[in-house]
Protein chains: 2
Amino acid sequence: MATATPPTRPALRARYERKQQEVVATAARVFAERGYQATSMQDLTEATGLAAGGLYHYIGSKERLLFRICDELLEPLLEQARAIVAHDAPAADHLRELLRAWLAHIAAHRAHMLVFAQERHVIEREPQWRDVRRQRKAFEQILDDVLARGERDGTMAFADRGLTLLALLGMVNHTATWLKPRGRLSPAQIADGYCDLLLKAGAAA
Amino acid sequence: MATATPPTRPALRARYERKQQEVVATAARVFAERGYQATSMQDLTEATGLAAGGLYHYIGSKERLLFRICDELLEPLLEQARAIVAHDAPAADHLRELLRAWLAHIAAHRAHMLVFAQERHVIEREPQWRDVRRQRKAFEQILDDVLARGERDGTMAFADRGLTLLALLGMVNHTATWLKPRGRLSPAQIADGYCDLLLKAGAAA
DNA sequence: CAGCATACCGAACGATCGCTCGAAGTTCGA
DNA sequence: TCGAACTTCGAGCGATCGTTCGGTATGCTG
């Protein structure tokens with residue numbers, strides 16, 4: 001995996017990183033629309049306005065670009081999730097907060113999310129994607145822990161917690177495919193909708 | 001879209017079609033694992049044991065192959081769904097039957113399903129995929145109709161039927177990514193789990 | 001058995017792929 | 001203000017892409 005060449009002079013570092021992120025965001029949009037493999041570097045030069053050489057100055061390689069997209073998606077989400085479960089609150093409250101943060105994140109990084117889901121087969125198979133897989137796993141674990149805690153303290157009672165978690169992951173991940181900026185429901189409303197769905201289905205007797 | 005060259009002699013037609021379907025099934029497996037765009041025709045010649053010429057004898061083109069995979073997935077599923085809602089039964093029974101048929105279909109055509117989900121961006125954008133989009137839409141409409149009927153006759157009461165449908169589509173589609181042939185839960189158990197989730201969440205007051 | 005439809009091969013085609021690199025232009029720090 | 005660091009260009013690299021096609025072998029059919 002080739003690396004880009006960031007400037008050593010600190011004064012230029014900020015400008016470099018801003019432009020780099022701009023390139024990543026543009027690439028994410030194009031990847032989401034056309035698919036990662038189906039997008040050529042030529043497509044990206046057109047979308048970014050940079051020529052081939054200029055593009056590689058910022059990204060290192062096409063795969064590195066994909067990695068960056070995944071990292072920009074998962075890292076801040078995981079950090080938010082950890083912050084939420086760090087403070088004391090009932091499991092149901094944690095679940096609602098997690099879902100709201102998650103949906104807001106998806107809304108703000110819809111293209112990133114679509115690419116991440118679309119390239120599942122790359123992420124799942126290749127050894128160099130182990131860290132990405134680990135981040136995703138860690139996030140899912142946080143959700144499972146919250147559901148487990150709800151079961152343990154008697155406020156939730158799922159027929160099958162494992163299946164419930166998988167259902168939740170499915171519905172939320174799927175959201176990226178239909179979510180529109182000016183849709184009928186806001187990300188928070190969607191999050192609450194999913195949360196109520198789970199809490200009603202798992203209402204303690 | 002190039003067309004393959006099926007034999008006119010009826011005696012050979014059966015053999016041709018059997019082998020053709022074998023090729024499609026193999027291709028679906030490889031596509032699901034590596035991705036459609038990332039799979040080269042060379043990969044397919046190795047997976048099928050056919051040389052390039054022999055392969056094209058059966059498939060016409062790579063895109064045609066993708067189309068066949070989608071059609072093999074959607075057409076029989078849609079037919080089953082129509083048969084289910086054709087007979088008289090309570091909405092909840094229809095829902096359960098639909099989910100069972102759907103999950104069984106996913107289990108039997110896991111690779112097809114993964115490819116279909118993975119290549120969403122192709123299917124969504126290109127005009128020649130209109131019929132495929134229409135089939136998917138028709139299936140979703142059948143599901144929505146069942147939920148709407150349940151609301152109308154008072155046996156179901158969803159906070160937001162539209163969101164519930166989207167959640168359902170999400171969780172079921174996502175199932176293909178984690179379903180294992182010898183998993184803890186059978187397709188029917190998963191279907192029932194999802195069905196109970198919805199019915200509990202949408203239990204009439 | 002004659003003869004054509006079918007099955008399959010594999011070299012080769014033009015196009016396009018991701019990426020490199022030397023050079024030119026620009027900006028920063030001393 | 002001068003040289004080094006940085007940014008960007010774009011022609012062009014070797015590799016690989018999906019596909020074609022003339023060929024041969026193997027049936028089926030009359």
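Hydrogens, waters and symmetry mates play no part in the numbers below; they use all other heavy atoms, side chains included. First the proteins, then the strands, lettered A, B, ... as listed; each starts at 1. Quick caveat: nothing in here was measured; it's all calculated off a predicted structure.
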Send over the distance from Glu63(B) CD to dC17(D) C1', rounded to a whole Å.
-> 15 Å
Output the single nucleotide from dT7(D), dG18(D), dC9(C) whose closest atom is nearest the side chain of Leu50(B).
-> dC9(C)
State whether the side chain of Arg110(B) and the backbone N or O of Ala176(B) hold a donor-acceptor pair below 3.5 Å, judged by distance alone.
-> yes
Whole-Å distance between dC28(D) P and Arg13(B) CZ?
-> 17 Å
Can you check whether Ile106(A)'s main-chain N or O pairs, donor with acceptor, with His109(A)'s side chain at less than 3.5 Å?
-> no
Mind checking Leu55(A) for me? I need base, sugar-phosphate or nothing, with any heavy atom below 4.0 Å counting as a touch.
-> nothing
Within 45° cone and under 6.0 Å: Lys62(A) NZ/CZ vs Tyr36(A) ring = yes
Phosphate contact (dT8(D) OP1 or OP2) by Tyr58(A) side-chain N/O below 4.0 Å = yes
If you measure from the Lys or Arg side-chain nitrogens to the Asp or Glu carboxylate oxygens, is any gap between Glu17(A) and Arg13(A) under 4.0 Å?
-> yes
N/O (side chain, His57(A)) to phosphate O (OP1/OP2, dT8(D)) under 4.0 Å | no
Output yes when at least one side-chain N/O atom of Ser40(B) is less than 4.0 Å from OP1 or OP2 of dT16(D), else no.
-> no
Is any side-chain nitrogen or oxygen of Lys19(A) closer than 4.0 Å to OP1 or OP2 of dT7(D)?
-> no
Between Thr39(B) and Leu12(B), just flag the one whose closest nucleotide in DNA chain D comes earlier from the 5' side.
-> Thr39(B)
Taking dA5(D), dG18(D), dA11(C) as options, the one with an atom nearest any side-chain atom of Thr8(A) is dA5(D)
Between atom CD in Glu22(A) and atom P in dT8(D), what is the gap in whole Å?
-> 10 Å
Would you mind telling me which residue lines up with the more 5' stretch of DNA chain C, Ala11(A) or Gly54(A), judged by nearest nucleotide?
-> Gly54(A)
Check: His57(A)/Gln20(A) side-chain N/O donor and acceptor closer than 3.5 Å = no
Round to a whole Å and report the spacing from CG of Leu44(A) to P of dG18(C).
-> 8 Å
Spacing between Glu17(B) atom CD and dT6(C) atom P, to the nearest angstrom | 13 Å
Among dA7(C), dG10(D), dT19(D), find the nucleotide with the atom closest to the side chain of Ala52(A).
-> dG10(D)
Rounded off to whole Å, could you give me the CZ-to-P distance for the Arg34(B) and dC17(D) pair?
-> 11 Å
Using a heavy-atom cut-off of under 4.0 Å over every strand shown, decide if Thr5(B) touches base, sugar-phosphate, or nothing.
-> nothing
Interatomic distance, Tyr56(B) OH vs dA12(C) P [rounded to whole Å] | 19 Å
For the side chain of Arg15(B), starting at C-beta, report the closest nucleotide among dG18(C), dG10(D), dC28(D).
-> dC28(D)
Quick check: are there more than 12 heavy atoms from other residues, nucleotides or ligands sitting under 6.0 Å from CD of Glu46(B)?
-> yes
Would you mind reading off the distance between Lys62(A) atom NZ and dG18(C) atom C1', rounded to a whole angstrom?
-> 8 Å
Among dA7(C), dG18(C), dG18(D), find the nucleotide with the atom closest to the side chain of Tyr16(B).
-> dA7(C)
Nucleotide of dG10(C), dT7(D), dC9(D) approaching Ala51(A) most closely (side-chain heavy atoms) = dC9(D)
